[in-house]
Amino acid sequence: MNYFVYFIVYFVYGIILILQFLMLARAIMSWFVQDDDGPSRIYDFLYYATEPVIYPVRRVLQKLGLAGDGMMIDISFLVTVMLLWVIQLMLPVVSL
């Protein structure tokens, strides 16, 4: 039974790690000017892979009035990264 718990914990840890790398790549790509033809396939992939994780946080922050459309920095993106870090830090504790 312990091996199953370890497997689940490390699987979730790996998924979170992959999400963090994808979010970092999305943030870096957003700094560069996109082509006139529209976003590239890589940016589209990064957007569709990370947006389902960011969107619920964005909705909560909008309901609380903490995130606006005219802001320079996407607060929901930062909050999502911090939440992923907290979950990732708590995972080894859960497996004990």
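Below, all heavy atoms of this structure are taken into account, side chains as well, without hydrogens, waters or symmetry copies. In this text the structure is predicted, and so the values were computed from the model without any measurement.
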Show your reasoning for whether side chain to side chain contact (heavy atoms under 4.5 Å, CB included) applies to Ile16 and Trp85.
CA-CA 8 Å; Ile16 291 173; Trp85 282 341; over 6 Å; no

State the CG-CZ distance between Leu17 and Phe21, to the nearest 0.5 angstrom.
4.5 Å

Look at atom CD1 of Ile42 and say whether more than 12 heavy atoms of other residues, nucleotides or ligands are closer to it than 6.0 Å.
no

Between Met29 and Leu46, does a side chain to side chain contact (heavy atoms under 4.5 Å, CB included) hold up when you go through it step by step?
CA-CA 9 Å; Met29 283 194 71; Leu46 293 172; 3.6 Å; yes

Identify the two heavy atoms, one from Leu91 and one from Val9, that lie closest to each other, and give their separation to 0.1 Å.
O-CG1, 3.6 Å

At their closest point, which heavy atom of Phe77 faces which heavy atom of Ile54, and how far apart are they?
CD1-CD1, 3.5 Å

Would you give the length of the straight line joining atom CE of Met23 to atom CG of Leu84, rounded to the nearest 0.5 angstrom?
6.0 Å

ILVMFWY cluster, Met82 and Tyr55 together (side-chain gap under 4.5 Å):
no

Transitively linked via ILVMFWY side-chain contacts under 4.5 Å: Leu83 with Ile75?
yes

Hey, what do you get for CD1 (Ile18) to CD1 (Ile15), rounding to the nearest 0.5 Å?
5.0 Å

Closest approach of Ala49 and Leu19, non-hydrogen atoms and distance?
O-CD2, 4.0 Å

Compare every heavy atom of Pro56 with every heavy atom of Glu51, then report the nearest pair and how far apart it is.
O-CD, 4.5 Å

Evaluate the criterion side chain to side chain contact (heavy atoms under 4.5 Å, CB included) for residue pair Arg59 and Ser76; output intermediate values, then yes/no.
CA-CA 9 Å; Arg59 292 281 298 180; Ser76 59; over 6 Å; no

Taking atom CZ of Phe45 and atom OG of Ser40, what is their separation to the nearest 0.5 Å?
12.0 Å

Which word best sums up how the rings of Tyr10 and Tyr13 line up, parallel for under 30°, tilted for 30 to 60°, or perpendicular for over 60°?
perpendicular

